[in-house]
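Fair warning: this is a prediction, and the values are worked out from it, not measured in the lab.
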Amino acid sequence: MSASSTKNDFDENIASIDFIPSDPNATFYFLPNGIGKDRRTIFTNAIQQFHLQLLTSPKNARFIIVDEQFDAPKVYSVLKLDASENDEKPKPIIIQTKWLSDSLKEKHLVPLTKDYIIRAPLIRKKAMPSFSQEPVIEEKTRFQNKPKRRLSDDQPQGGSATQVKQRRYSSDDDDDDYDIMEDYNDTVKNPYKHGELPKGNWMCSMSSQTAKKNTEVNKDIIEKLQAMADLYSKTNDKWRAYSYQKAITTIRRCTKRIDSYEEIIKLPGIGESLAKKIWEIIDTGSFEKLEDFQSSEYMTVINLFGNIWGCGPNIAKQWYDQGFRTLDDLRTKAKLSHNQQIGLKYYDEFLERMPRDEVAEIEAVVKEHALALVPDLTIQTCGSYRRGKATCGDVDILITHSDGISHQGLLIPLVDSLRKSGMLLKFI
DNA sequence: GGGCCGTACTG
DNA sequence: CAGTACG
DNA sequence: GCCC
């Protein structure tokens, strides 16, 4: 679909929009979304080169330059601009990056013809597709409810080709949480028996029973490595974190207390560097690099910010670079996305874990509500609860129906029902 | 050197 | 698309 | 970080 065939519902009589770059009203905003790094710098350079007035905020821009993949509703939605018709404020003119590309080719600004314009405010008549901003939400507490459907009998069973290679290495939640989905693999599709698992790629072929005993043996090592992995992943050094995580998993499977360097270096996924560190832990009981890390201001702050739901390594770093150091700094000064606002508001709550009894209570309530909506549902609480953890960070509830159909579309009514009962504080 | 789990949502 | 969540 |  060429540019010219995209719908432009503005005055067909206008051949092009004229403006003078120096006109104080000719302000531009460049929406980088959907544009790769290289193209992005090319465009921002072009904007400079042509002396266009680039604003950092879209709010007051007369022109908004966006990638071709965008249509007006998307732009409004992404930028959170007011789309309502009866608004004294003039609507921006949304134009394609192609205008910049062509201008670069020509070495000067080419006329801003309608072919470049995704939507001009001028004459538009047709009702805007109502992209009302905020649908959802609000009213009550934590516990992430995520009924999922899956595993119903419409699961493609046969496929021999796709054996499941499930792994996990989540660092955040359960500190001693490993085995994953083994039941799922066993019951549903794992074509192998435990004894004959293909070597190497399986990180999770161990029963929780066995594993539990093992955690104690090398506990100190695992804890320190885990702490390091957590820090690395919050630093954006995810591959290093990944390696630590793999090493941790490997060590978990060791039934024996590790007590020699030779022993360590032989373990798969553990190389020289990690082996030395592990040996340091065994030998001296401490891990210097970890302690240095933990005590540095940077890591402390990044760690603090990184625990905010909706804030990952990059945002945390940005905030740090902006000089923020405390949660209060963020609350008062930082730009927070919707999710981050929630994450910050419930900082402690999100970090907290609940005793499994509480999960049982929640499960009971959800069951009650779900069954009231559709009888004969199969409802199973999974996750850490099902694995027998003493405490849980969330509640995972799997809801299906043996007919593979009846559970469909249940989620919204269920959430609604729970909300009415006062059980749900917030629906994210 | 360059890959390293897969998928979905948000903005 | 980049960043994030999550099992 | 590890490994190919």
Side-chain angles (χ1 to χ4, degrees), chain A residues 31-40 58 66-70 73-81 97 131 133-134 136 144 146 148 150-151 162-174 177-185 200-204 225 228-229 231-250 264-278 289 305-319 335-343 350 382-387 392-398 428:
Chain A
L31 179 64
N33 299 26
I35 301 175
K37 213 188 209 165
D38 294 341
R39 272 180 82 218
R40 202 184 301 175
V66 306
D67 186 70
E68 278 66 22
Q69 70 178 10
F70 279 93
K74 272 189 199 160
V75 174
Y76 278 87
S77 138
V78 165
L79 293 177
K80 289 201 187 311
L81 294 176
T97 53
F131 34 97
Q133 280 295 64
E134 293 298 322
V136 264
Q144 311 168 347
K146 24 188 141 169
K148 319 159 189 184
R150 200 118 193 65
L151 221 67
T162 49
Q163 97 269 26
V164 178
K165 287 202 290 180
Q166 299 280 6
R167 328 171 164 187
R168 79 165 286 154
Y169 62 99
S170 106
S171 43
D172 27 67
D173 70 308
D174 326 33
D177 181 24
Y178 24 84
D179 78 308
I180 78 174
M181 305 207 66
E182 50 179 326
D183 305 318
Y184 175 81
N185 283 341
N201 285 329
W202 294 81
M203 309 298 288
C204 57
L225 293 182
M228 203 63 190
L231 293 186
Y232 273 134
S233 61
K234 282 170 185 164
T235 296
N236 224 358
D237 207 340
K238 58 176 176 179
W239 299 123
R240 201 163 261 111
Y242 176 81
S243 285
Y244 273 76
Q245 207 60 57
K246 248 181 17 183
I248 290 167
T249 311
T250 304
I264 304 171
I265 194 79
K266 272 190 284 192
L267 293 172
I270 298 184
E272 191 180 319
S273 174
L274 268 174
K276 280 181 184 164
K277 293 179 171 69
I278 294 170
K289 187 157 180 176
F305 291 174
N307 283 332
I308 297 171
W309 188 73
C311 169
N314 287 293
I315 304 296
K317 182 174 188 314
Q318 285 176 31
W319 286 342
K335 272 175 231 119
L336 301 170
S337 73
H338 179 63
N339 283 354
Q340 288 157 356
Q341 289 175 31
I342 294 174
F350 271 122
C382 328
S384 46
Y385 179 77
R386 188 164 185 238
R387 291 193 300 269
C392 306
D394 63 1
V395 182
D396 299 316
I397 301 176
L398 177 66
I428 302 174

Point to revise | Distance, rounded to the nearest Å, where A:Lys238 contributes NZ and D:dC2 contributes C1' | key: 16 Å
Point to revise | 4.5 Å side-chain heavy-atom contact, A:Asp396 and A:Tyr385 | key: no
Exercise for review: For residues A:Ile308 and A:Phe350, determine if any side-chain heavy atom of one lies less than 4.5 Å from a side-chain heavy atom of the other.
Suggested key: no
Review point. Can you tell me if the side-chain N/O atoms of A:Lys289 get under 4.0 Å from OP1 or OP2 in D:dG1?
Key: yes
Study note, to complete from the structure: Atom CD1 of A:Ile315 and atom P of C:dT4 are separated, to the nearest Å, by 5 Å
Practice item. Would you classify A:Ile308 as touching base, sugar-phosphate or nothing, given that sugar-phosphate means primed atoms plus P, OP1 and OP2, and contacts are heavy atoms under 4.0 Å? Key: sugar-phosphate
Review point. Does a side-chain heavy-atom distance below 4.5 Å link A:Lys246 with A:Ile270?
Key: no
Exercise for review: Kindly say whether A:Ser337 contributes a backbone atom to a donor-acceptor pair with the side chain of A:Gln340 at under 3.5 angstrom?
Suggested key: yes
Check your understanding: Using 30° and 60° as the class limits, which term best fits the ring planes of A:Phe305 and A:Trp319: parallel, tilted or perpendicular?
Key -> perpendicular
Check your understanding: Which of the following nucleotides, B:dG11, C:dT4, D:dG1, is nearest to the side chain of A:Ser337?
Key -> B:dG11
Practice item. With sequence neighbours excluded, tell me which residues meet salt bridge (charged side-chain N to carboxylate O under 4.0 Å, His left out) with A:Lys277. Key: none
**Study point:** Atom-to-atom span, CD1 of A:Ile265 to P of D:dG1 - whole angstrom
**Key:** 13 Å
Review point. For the pair made of CZ in A:Arg240 and P in B:dG3, what is the distance, rounded to whole Å?
Key: 17 Å
Review point. Base, sugar-phosphate, or nothing for A:Cys382, non-hydrogen atoms under 4.0 angstrom?
Key: nothing
**Study point:** Same-atom distance (C1') from C:dT4 to B:dG1, integer angstrom
**Key:** 28 Å
Check your understanding: Using the P atom in both, what is the distance from D:dC4 to B:dC5, to the nearest Å?
Key -> 14 Å
Study note, to complete from the structure: Within residues 269-278 of chain A, the residues having a heavy atom closer than 4.0 Å to DNA chain C are none
Check your understanding: Can you check the A:Lys234 NZ to C:dT4 P distance for me, whole Å?
Key -> 13 Å
**Study point:** Spacing of NZ belonging to A:Lys317 relative to SG belonging to A:Cys311, to within rounding of 0.5 Å
**Key:** 12.5 Å
Review point. Hey, is the side chain of A:Tyr244 poking within less than 4.0 Å of OP1 or OP2 on D:dC2, counting only N and O atoms?
Key: no
Review point. D:dG1 C1' sits how many Å from A:Gln245 CD, rounded?
Key: 12 Å
Review point. Does B:dC4 have A:Trp239 stacked on its base, where the ring centres are within less than 5.5 Å and the planes differ by under 30°?
Key: yes
Revision key, fill the gap. From NE2 of A:His338 across to P of C:dT4 the rounded distance in Å is 17 Å
Point to revise | Nearest-neighbour nucleotide for the A:Ser243 side chain, D:dC2, C:dG3, C:dG7 considered | key: D:dC2
Check your understanding: Whole Å only: how far is the CG atom of A:Asn339 from the C1' atom of C:dA5?
Key -> 9 Å
Point to revise | A:Tyr242 side chain near D:dC2 phosphate (N/O to OP1/OP2, under 4.0 Å) | key: no
Exercise for review: Using a 4.5 Å cut-off on heavy atoms from C-beta on, say whether the side chain of A:Thr235 contacts that of A:Pro313.
Suggested key: no
Review point. Side-chain N or O of A:Asn314 less than 4.0 angstrom from OP1 or OP2 on C:dT4?
Key: yes
